[in-house]
Chemist: 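Let me give you the structure first, and then I'll get to my questions.
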Amino acid sequence: MKKRKTIGFLVSGIMDNFTEYMCKGIMSAAAADDDVNIVVVPVKYIDRDLTGLPDKFEYQYKTNAYNLCRENVDALIVATDCIGCLTSRENMIDFMNSLDDIPTVLIAARMEGYPGVTFDNKSGIIEGMEYLINEMGVKNFCMMGAPKDYSDAEERRVVFRDVLDKYGLRFEEKQYIETNLTNMCLEEARTLLDANPDVEAIFCINDLVAMGLYEVMKERGLMPGQDIKVLGFDNDLTGSMVSPSLSTVDADAVELGRHAYDMTMRMLRGEDVKEEKLPTRFVLRDSFGGMDSTGKTSKERLLDKRLLDEYFEKIFYRYRNADAETGLKLKKSFVRMMEHVLDFAMADQVSPNDFKLVQYEVDELINEGALIYTDNDILIPYMDELQAAILAVHDDLERKSITYRHYSFILKKLIKEMSNTTIRYEEKLDGILYSMKTMVKDTLNFTYGNDHSYSTIVSNLDGMGIKNAYVYIYDKPIVHLEKEEFDNPGYMRLKAALTDGGINDIPYSKQKVKLKNLFDNQFITDKKYNMVLMPLYFGDTIYGSILFDLVDIVFHNGEFMTNQFSTAARVIEILKQNNDIQKQLEENLAVMAENNIKLDRLSRNDVLTGILNRRGFYDIAQDVIKSNKQKGKDTIVSYVDMNNLKIINDRFGHDDGDYSLKVVSSVLADVIDKKGVVGRIGGDEYAFIYYGDISEEGLNVEIRKHFEEFNSRSDKPYNVSVSCGFYRIKSDSGISLEDAMASADQDLYIAKQYKDNRILKDLT
């Protein structure tokens, strides 16, 4: 069998609507090509400021891109302006240059040297702004834009300015503000409104930014459409569902995806592809104030057959998630049904056969599965308003009665089917939620860290409609810090494979998979597929990747699912380490038993550092504290923890880890000098007592100063530092050393929240 082509699609996140629509477009276009597989690769946002975000290690997604090479993908489609909306153009160029010179088409973006497809930013914006100017008399405009490095943002800004210039309208710098392209633009919206109290209309760079503006307007008691007109861009699903609904520029991301795929295939066939544009159109909704004084659609518009396409787009907007053929069939079926409904309702005289034809068309619409894509909150009010408009046409009471009776029958039938559709959807959702809960439960019930554990988790995916999933794990977890280059080992081990709904047992000898076979391992389905590749990480540690079917649930819960897999990978690794430690401990205990080694014969000194060990420290410290009390002196007790020992061990080896432990011992001993006692009480934990004249705060400053002086002299590429907790034993206090240490440990816990994370010197 001929090997299929693989097209990779690099996106920011998998769970935003714009990405979903682009993916649906690419996948629907690829459905006609039996020899093409699609792999979606989220890399999140390059150089995003992670301060305050729930996931401070989101930067690990970028490593996903380094799994791609010319040997495992034939071409790439890259959403550069989504991925790089928070970085500079130079950094984005560097990122693109790192992609192994793979043939590439850009989507919704422009970059010199790359072909791509974008929206025509001009036509829809001009249409929307001219409607505001000519039909609604708006004169005072503002714009919420984005950094100029985002190519579409600059073009939309220019169009905005050109329209104002054309009509001789004022523009000052205060009327424009940059955003980060998300709904988290609240401060920018507040600043813009404060600077422009007389603003009548605001154009937002996209619908997400408009949602942020909506939130700020709400907190100020302002109503979109009444107090300020709002225009968005994208025609995102959220904009059509929010109240009041958002007037926007329809830029069909599904069609954008289809076109990008077509360009990619033409490029692979050797055609010369360059920059291409898709048209946009203005969509009028309630954020411009509605169609009439009541805010309802006019009677004439409801009865106009020429507007049925428009109503279909508003009611059945979810059809965009289907392939192009399905969407066309649904639209034709709806329009045909409504034409018969209007003909029947408007006729002066009707027969039973006329209504049978209407019933037939209603059944056809239902059988096409149209109600899966229906927004009930839009359909029901539309049908109610249409009924009122139809009844108003007839003066004859008998004709009104016939119309009402037959129309009510249609409406009840649609409502019943919508209810059944909702029940079926909820049943499906319950099954999915059960599978996700089972996946969490199985993770918590792991006993041993072995390959079978991965298979246990993967087996739950079948209940979510995922038939294919492949878990890749590195031989050794990789510690990867932010802004650090990722050193890809070039291979991973396939620990679990769900293929066409069945679990494969993979012997260790067959687990090694090189990057070139990442999307073509020997256990992968031989059917055409659409999958997503997600990184498995926990904190600063990457464990591997997971490749699985890209089904609808992934667009809404994909990151949660991946987080659960990441947690499972971490738990399995910890259990493996614990198993190794347990085995080593048992062996050591056996040796100790054989040699009759007694713990109380151990030396009081720590072998590695030369200072007191736990036993020695407690023995001597208690005597010193007792002596100080007799002399009327206070004693400071400190619990000390070395920072980042694990990272130093993982990155530079255990020899450097041992070296850093010795440094801590030496520096603490220098600070304490002859006015106290210091000991290593286990691992990277130390303790000391001090009875000099300095305060706890002063002592902490002195310790930090000594470590900074050492690090400045050291030729090591990393910093050595500690966190300290303190407790003062008063001369008249009866507290024990153990209780004082416990209190110091609580203080240490607080100090650790503000620990020095500057590990690598070249990153400080």
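Both backbone and side-chain heavy atoms feed into the values below; hydrogens, waters and symmetry mates do not.
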Chemist: Side chains of Tyr639 and Glu685: donor-acceptor distance under 3.5 Å anywhere?
Modeler: yes

Chemist: I need the Ile553 CD1 to Ile466 CD1 distance, nearest 0.5 Å.
Modeler: 6.5 Å

Chemist: Are Tyr474 and Arg493 linked by a side-chain donor-acceptor pair shorter than 3.5 Å?
Modeler: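 On atom types as modelled, these side chains do not qualify, holding no pair under 3.5 Å.
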
Chemist: Check whether any side-chain N or O of Asp49 sits under 3.5 Å from a backbone N or O of Thr51 as a donor-acceptor pair, and report yes or no.
Modeler: yes

Chemist: For the residue pair Ile729 and Lys629, what are the closest heavy atoms and their distance?
Modeler: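 Looking at all heavy atoms of both residues, the closest pair is CG2-CE, 3.8 Å.
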
Chemist: For a quick test of reading the model, state the closest non-hydrogen atom pair linking Gly632 to Ser731 and the distance between them.
Modeler: C-CB, 3.5 Å

Chemist: Quick test of your reading of the model: are Lys662 and Asp658 salt-bridged, counting only N-O distances below 4.0 Å?
Modeler: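 Answer for the salt bridge query: no.
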
Chemist: Under 4.0 Å between a side-chain nitrogen and a carboxylate oxygen: does that hold for Lys62 and Glu482?
Modeler: no

Chemist: How many angstroms lie between OG in Ser566 and CD in Glu559, if you round to the nearest 0.5 Å?
Modeler: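 Ser566 atom OG to Glu559 atom CD measures 10.5 Å (nearest 0.5 Å).
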
Chemist: Assess the residue pair Leu76 and Leu10 against the criterion (side chain to side chain contact (heavy atoms under 4.5 Å, CB included)); give the C-alpha distance rounded to whole Å, side-chain angles, the decisive distance to 0.1 Å, and a yes or no.
Modeler: CA-CA 7 Å; Leu76 291 176; Leu10 265 67; 3.8 Å; yes

Chemist: With side chain to side chain contact (heavy atoms under 4.5 Å, CB included) as the criterion, how do Ser12 and Lys44 come out once you've worked through the C-alpha distance, each side chain's angles and the decisive distance to 0.1 Å?
Modeler: CA-CA 4 Å; Ser12 49; Lys44 289 289 186 176; 5.8 Å; no

Chemist: I'd like to know if the side chain of Thr19 reaches the main chain of Gly13, judged simply by a donor and an acceptor atom lying under 3.5 Å from each other, with no hydrogens or angles considered.
Modeler: yes

Chemist: Apply side chain to side chain contact (heavy atoms under 4.5 Å, CB included) to Val671 and Val678, showing your working.
Modeler: CA-CA 10 Å; Val671 175; Val678 62; over 6 Å; no

Chemist: Just checking Lys626: does its NZ atom have more than 12 heavy atoms from other residues, nucleotides or ligands closer to it than 6.0 angstrom?
Modeler: no

Chemist: State, without any angle test, whether Thr499 and Tyr470 hold a side-chain donor-acceptor pair at a distance under 3.5 Å.
Modeler: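 Short answer, yes.
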
Chemist: Check whether any side-chain heavy atom of Ile506 lies under 4.5 Å from a side-chain heavy atom of Phe523, and answer yes or no.
Modeler: yes

Chemist: Determine whether the side chains of Lys495 and Gln511 contain a donor N or O and an acceptor N or O closer than 3.5 Å.
Modeler: yes

Chemist: Would a distance-only check, ignoring hydrogens and angles, find a side-chain to backbone donor-acceptor pair under 3.5 Å from Lys761 to Lys716?
Modeler: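 Checked: pair present.
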
Chemist: Do Val479 and Leu481 have side-chain heavy atoms sitting under 4.5 Å apart?
Modeler: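 The answer is yes; the side chains approach within 4.5 Å.
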
Chemist: Going by the angle between their ring planes, with limits at 30° and 60°, are Phe710 and Tyr659 parallel, tilted or perpendicular?
Modeler: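 Geometry flag for Tyr659 against Phe710: tilted rings.
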
Chemist: Any side-chain donor paired with an acceptor under 3.5 Å for Tyr59 and Asp47?
Modeler: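 Note: Tyr59 and Asp47 side chains miss the donor-acceptor criterion.
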
Chemist: Between atom OG1 of Thr567 and atom OH of Tyr543, what is the distance when rounded to the nearest 0.5 Å?
Modeler: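 If we round to the nearest 0.5 Å, Thr567:OG1 and Tyr543:OH are 9.5 Å apart.
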
Chemist: Looking just at side-chain N and O atoms, do Asn711 and Ser714 make a donor-acceptor pair shorter than 3.5 Å?
Modeler: no

Chemist: Is a donor on one side and an acceptor on the other found under 3.5 Å between the side chain of Asn719 and the backbone of Arg758?
Modeler: yes

Chemist: At their closest point, which heavy atom of Leu661 faces which heavy atom of Gly683, and how far apart are they?
Modeler: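 Taking every non-hydrogen atom into account, CD2-O, 3.8 Å.
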
Chemist: Tell me the closest heavy-atom pair linking Ile735 and Ala740, and the distance in Å.
Modeler: CD1-N, 3.8 Å

Chemist: Does Thr87 reach the main-chain N or O of Gly84 with its side chain, forming a donor-acceptor pair under 3.5 Å?
Modeler: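 Between the backbone of Gly84 and the side chain of Thr87 there is no qualifying donor-acceptor contact (under 3.5 Å).
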
Chemist: Check Leu748 against Val640 and note the closest heavy-atom contact, atom names and distance.
Modeler: CD2-C, 4.4 Å

Chemist: Strictly by modelled atom types, are Asn643 and Ser721 linked by a side-chain donor-acceptor pair under 3.5 Å?
Modeler: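 The criterion, which ignores hydrogens and geometry beyond distance, is satisfied for Ser721 and Asn643.
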
Chemist: Verify the neighbour count for atom CD of Gln753: are there more than 12 heavy atoms of other residues, nucleotides or ligands below 6.0 Å?
Modeler: yes

Chemist: For Gly679 and Ile611, which heavy atoms make the closest approach, and how far apart are they?
Modeler: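 Result for this residue pair: C-CD1, 3.6 Å.
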
Chemist: Regarding Tyr727 and Asp739, do their side chains bring together a donor and an acceptor under 3.5 Å, going by distance alone?
Modeler: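 Distance-only check fails for Tyr727 and Asp739.
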
Chemist: Check the side chains of Asn521 and Tyr472 for a donor-acceptor pair under 3.5 angstrom, ignoring hydrogens and angles.
Modeler: yes

Chemist: Does Asn72 use its side chain to pair, donor to acceptor, with the backbone of Cys69 at less than 3.5 Å?
Modeler: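 Side chain of Asn72 to backbone of Cys69: a pair is present.
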
Chemist: Could you tell me whether Asp100 and Arg70 make a salt bridge, using a distance below 4.0 angstrom between a side-chain N and a carboxylate O?
Modeler: no

Chemist: What distance separates Met534 CE from Leu547 CG, expressed to the nearest 0.5 Å?
Modeler: 11.5 Å

Chemist: For residues Tyr691 and Ile636, determine if any side-chain heavy atom of one lies less than 4.5 Å from a side-chain heavy atom of the other.
Modeler: no

Chemist: Between Ser638 and Gly725, is there a donor-acceptor pair closer than 3.5 Å when you use the side chain of the first and the backbone of the second?
Modeler: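 Yes, the answer is positive, given that a donor and an acceptor are paired below the 3.5 Å cut-off.
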
Chemist: Is it true that atom NZ of Lys752 has more than 12 heavy atoms of other residues, nucleotides or ligands lying nearer than 6.0 Å?
Modeler: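 For Lys752, atom NZ is crowded (more than 12 foreign heavy atoms under 6.0 Å).
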
Chemist: Show the numbers, then the answer: is there a salt bridge (Lys or Arg N to Asp or Glu O under 4.0 Å) between Glu484 and Arg651?
Modeler: CA-CA 12 Å; Glu484 181 183 45; Arg651 185 61 50 77; 2.6 Å; yes

Chemist: Answer yes or no: are there more than 12 heavy-atom neighbours, outside Asp94 itself, under 6.0 Å from its atom CG?
Modeler: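 Enclosed: over 12 neighbouring heavy atoms sit under 6.0 Å from CG of Asp94.
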
Chemist: Take atom CG of Asn97 as the centre, draw a 6.0 Å sphere, and report whether it contains more than 12 heavy atoms from other residues, nucleotides or ligands.
Modeler: yes

Chemist: Using the six-membered ring wherever Trp is involved, compare the ring planes of Phe726 and Phe688 and label them parallel, tilted or perpendicular (cut-offs 30° and 60°).
Modeler: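 Because their plane-to-plane angle is over 60°, the rings of Phe726 and Phe688 count as perpendicular.
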
Chemist: For Asn488 and Asn67, does a side-chain donor sit closer than 3.5 Å to a side-chain acceptor?
Modeler: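 A pair is found: one side chain offers a donor N or O, the other an acceptor, under 3.5 Å apart.
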
Chemist: Roughly how far, to the nearest 0.5 Å, is OG of Ser545 from CG of Leu533?
Modeler: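 Leu533 CG to Ser545 OG: 5.0 Å, rounded to 0.5 Å.
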
Chemist: What distance separates Lys675 NZ from Leu699 CG, expressed to the nearest 0.5 Å?
Modeler: 11.0 Å

Chemist: Tyr537 and side chain to side chain donor-acceptor pair (under 3.5 Å): which single residue from Thr63, Asn563, Asp55, Thr562 fits?
Modeler: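 Option passing the side chain to side chain donor-acceptor pair (under 3.5 Å) with Tyr537: Asp55.
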
Chemist: Under the 3.5 angstrom rule, does the side chain of Gln746 hit a backbone N or O of Ala742 as a donor-acceptor pair?
Modeler: no

Chemist: Hey, is CG on Asp673 packed in by over 12 heavy atoms from elsewhere, all under 6.0 Å?
Modeler: yes

Chemist: Step by step, work out the side chain to side chain contact (heavy atoms under 4.5 Å, CB included) result for Glu738 and Gln622.
Modeler: CA-CA 10 Å; Glu738 287 79 5; Gln622 289 182 115; 3.8 Å; yes

